[in-house]
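Handing you this structure, nothing more for now.
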Amino acid sequence: MKSALYLYNTISRKKELFEPVSPPFAGMYVCGPTVYSETHLGHARPFITFDILYRYLMHLGYKVRYVRNITDVGHLENESDDTGEDRIARKARQLNLEPMEVVQKYMNSFHRAMGRLNILEPSIEPRATGHIIEQQNMIDALLRKGYAYESNGSVYFDVEKYSKAYPYGILSGRVLEEMQANSRVLEGQDEKRGQFDFALWKKASPAHIMRWSSPWSEGFPGWHLECSVMSTKYLGEVFDIHGGGMDLIFPHHECEIAQSTAVKGHSPVRYWVHNNMITINGQKMARSLGNFITLDELFTGSHKMLLQAYSPMTIRFFILQAQYRSTLDFSNEALLAASLGLQKLMVAARTLEGLKPSDCSTIDVSGIEEKCYEALSDDLNTPVAIAHLFDVVRIINLVNDGKEKLSSDDIKSLQQLFKTFVYDILGLVQEEGGGSEKLSGVLSILLELRQEAKARKEWSVSDRIRDRLSALGITVKDRKDGYDWEISS
RNA sequence: GGUCGGUUGGCCGAGUGGCUAGGCAUCGGUCUGCAAAACCGGGUACGGCGGUUCGAAUCCGCCACCGACCUCCA
C-alpha cells in the first residue's frame, strides 16, 4: 500500500490522516469560478491544487467524485450595501448581452484555460441557476427551523440566533461578539436584523433581469447557498473534502457551515482544504486591486508586466514548485526560472525513454519512489516531490553521458516513476516547440545540408544557416551525434 | 483595532532540534571548428536581540517588518 495521505484541515489547524466516510469512495467539492470575467493567474492556483489532489486520490485507488461548481447567479458586487448588483447582470448590461451570454462566454474561456493547463474535468460541474428549486427548499427549511427570517421580500440568515445554538466562526476562528465590537454599523441595512446576517434570497429590483419566482418575491438566491445545496446534493449530507481559496474561508465557507448546521445539526464537511494566494509584488493578485494578469495574457505574453509569453505547462509547474498553503510570488524572473527548470525536467524525461541499459547498475535508484509518495502524502508537498524528480534527472543525464550505468530493470522502474509522478500525478505534458510538421520537415532539410557543410568544414555555409535561423527565432543546437532545434518566443 | 499567517543565499522556494532540499542565476570544468545548447562540479542563507540546549533556521520570550481575512475575492 502506498503511504497514507495527510491533509491540513483548516478547521482543526492540523494535518490529519485522510479517511473518507465510505471508502473506496471519496467526495470532493471545490468552489469554482464566478463567470463574469476572464480567468486570471490567481484562479489557476486552486484548480491546479485540487487537480493534483484529485489525481493523487485516484492514484491511491479511491473512486473520486469531484464536484466543482460554476457560479452563474447570486454573486453580488458588494454585499454590504443595497446598491449591490449581481456581477453577471452588471457585466451583461455593460456589454449589452443577455446574462446567459455572459455566463457562456466566460465559462467557455474558463474551460479553454483549464484544458490548456491540463486540468482534468470534474465529475460534475453544477451551476447555481440549475439548482434554484433546491436552494429555495433549503431556505424553506431554514425558515421552518427559525434560523432565517423574511424581510421586505428578501430572506436572511439569522447569525445571532444561530450563534446561540451553535458555534459561529469555528472555521475562521472568529467570535461574533468580537466582530460586532470591532466593526462599524453600516448604513442602509434596514432589512437585516443583525449586521452579520447574510442573504439567502434577494428580492430583485425592477431592472434586475436574472429573477425567479419564489414564495417571498421575484428574486435570486444568495451566493453562499448554492455551494451548500450543490455539494450535499451530489456528495451526500456528510462528505469528505471541501476546497477553495483561503480568501473564501470567511465569510463564504463559514456561512456554508452555518446554513447546513442550522438545517441538519452538523456540518457536512470533514476536511476543509484551502490554498493560499498568488501575490504580485507581495500583494494578493485580485481583480479588485487591478493587479491581475489573465491566463490568456500569460500564454501570449500580451500584458505590459510580462517580458515574454509563458506556456501553460510553465504556469502549472510554477504553481507546483510551491506548497499550496504558502503564498507564491509572481515575477518574470520566477516564471522564467520555472520555465527553464521544467524544460530540463521534460528533456530528461525524453532522454529516459531512449536510455541505453547496461548489465548492472552503478547507482542505487531504489527508494526514490517511496520518497515521492512520502512528499505528496505529506499534505501534497509537490516542491519536495519535484526535488526528488530532479535527483532522477541528474541520474538520467549521468547515465546518458556514460558516467554511470543502469540496468534494464532500473531504467524501466525510472520510466514507470516518471510516468506516475511527472505525467499522471503532477499532470505535466510535453509541449511541442510550436512548429508544424511542415516546418520541422523544412528545418530537417536545411539542417541536414548544414551537417554536410560542416562535414566538409565549410564553416561560412553552416554558420550562415545557423545565424539566419537564429534571426528567425529558431535556435540550432549541435549535439554530439546530430542536431536539434527549438523555437524561442 | 481584532484574528491568523509569514520573514531562508542574487531570485523563486522546501525544511520545525544534529543528517546536501530542489530549480533559476552566478562561478569553475567537460564537450565543441567557433558560438549556442547540453552535461558535470563548487560557493553563497536562515529578520533583529536575548534565552533553553552538548547542539537552534527549527523550541521559548521580546522587538521590527510584511501579508491575508474582518460580508468584493481563487
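Chain identifiers are assigned alphabetically (A, B, ...) following the order of the sequence lines, protein sequences preceding nucleic acid strands; residue numbering begins at 1 within each chain. These figures come from a predicted structure and were not determined experimentally.
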- Item | Donor-acceptor pair between A/T382 and A/Q321 side chains, under 3.5 angstrom | no
- B/A74 P sits how many Å from A/Y29 OH, rounded?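 So the two atoms are 13 Å apart, to the nearest Å.
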- Message: Do A/D379 and A/Y324 pair up side chain to side chain, a donor and an acceptor below 3.5 Å, judged on atom types alone?
- Response: yes
- Message: For the P atoms, the ones on B/C60 and on B/U44, what distance do you get once it is rounded to whole angstrom?
- Response: 29 Å
- Query: When all nucleic acid strands are considered with a 4.0 Å heavy-atom cut-off, which category describes A/K284: base, sugar-phosphate, or nothing?
  - Reply: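 Touches a base.
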- Task: Kindly point out which of B/C73, B/G13, B/A74 is positioned nearest to the side chain of A/M277?
- Result: B/A74
- Closer to the 5' end of RNA chain B via nearest nucleotide, is it A/L248 or A/A338?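 Counting from the 5' end, the first nearest nucleotide belongs to A/A338.
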- Message: Regarding B/G33, can its base be found pairing with the side chain of A/S462 as donor and acceptor, where the two atoms are less than 3.5 Å apart?
- Response: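 Side chain to base: pair found, below 3.5 Å.
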- Can a donor-acceptor pair be found between the side chains of A/D51 and A/Y66 at a distance below 3.5 Å?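 No, no side-chain donor-acceptor pair sits under 3.5 Å.
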- Task: For the side chain of A/F390, starting at C-beta, report the closest nucleotide among B/A35, B/G22, B/A74.
- Result: B/G22
- Message: Does the plane of the ring in A/W272 sit parallel, tilted or perpendicular to the ring in A/H274? Use 30° and 60° as the thresholds.
- Response: parallel
- Gap between atoms CD1 and C1', on A/I386 and B/G22 respectively (whole Å):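 Rounded to the whole Å, the gap is 9 Å.
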- Message: For B/U30, give the paired nucleotide (Watson-Crick: N1-N3 plus N6-O4 or O6-N4; G-U: N1-O2 and O6-N3; both under 3.5 Å), or none.
- Response: B/A38
- For B/C54, the Watson-Crick or wobble partner whose two distances fall under 3.5 Å: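 Here B/C54 is engaged in a pair, and the nucleotide opposite it is B/G18.
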- Message: Only pairs with both distances under 3.5 Å count, Watson-Crick or wobble alike; so what is the partner of B/G61 in this structure?
- Response: B/C49
- P-based separation of B/G29 from B/G67 [nearest Å]: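 Their P atoms lie roughly 44 Å apart.
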- Given that both distances must come in under 3.5 Å, which nucleotide forms a Watson-Crick or G-U wobble pair with B/G10?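 B/C24 is the nucleotide pairing with B/G10.
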- Between atom CG in A/L345 and atom C1' in B/G22, what is the gap in whole Å? 11 Å
- State whether the distance check finds a donor on one side and an acceptor on the other, under 3.5 Å, for side chain A/R394 versus base B/C39. no
- Please state the P separation for the pair B/G42 and B/A21 - nearest whole angstrom.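 So the two P atoms sit 12 Å from each other.
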- Tell me the partner of B/C69, counting only Watson-Crick (N1-N3 plus N6-O4 or O6-N4) or G-U wobble (N1-O2 and O6-N3) with both under 3.5 Å; none if nothing fits. B/G2
- Message: Assess, by modelled atom type and distance only, whether the side chains of A/N381 and A/Q323 contain a donor and an acceptor separated by less than 3.5 Å.
- Response: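 The answer is no; no qualifying pair exists.
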- Pick the nucleotide of RNA chain B nearest each of A/K344 and A/K457; which residue has the one closer to the 5' end? A/K344
- Among B/A21, B/C12, B/G15, which is the nearest nucleotide to the side chain of A/A387? B/A21
- Query: If we require ring centres under 5.5 Å and near-parallel planes under 30°, does A/W459 stack on B/G33?
  - Reply: yes
- Geometric class of the A/F47/A/F110 ring pair [parallel <30°, tilted 30-60°, perpendicular >60°]: perpendicular
- Task: Describe the nucleic acid contact of A/L336 in one word from base, sugar-phosphate, nothing, applying a heavy-atom distance below 4.0 Å.
- Result: nothing
- With the side chain of A/A337 defined as its heavy atoms from C-beta on, choose the nearest nucleotide among B/G23, B/G33, B/C73.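 Among the listed nucleotides, the one closest to the side chain of A/A337 is B/G23.
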- Message: Need one value for A/T327: base, sugar-phosphate or nothing, where a base atom within 4.0 Å counts as base even if backbone is also close, heavy atoms only.
- Response: sugar-phosphate
- Euclidean distance for C1', B/A14 against B/C24 (whole angstrom): 15 Å
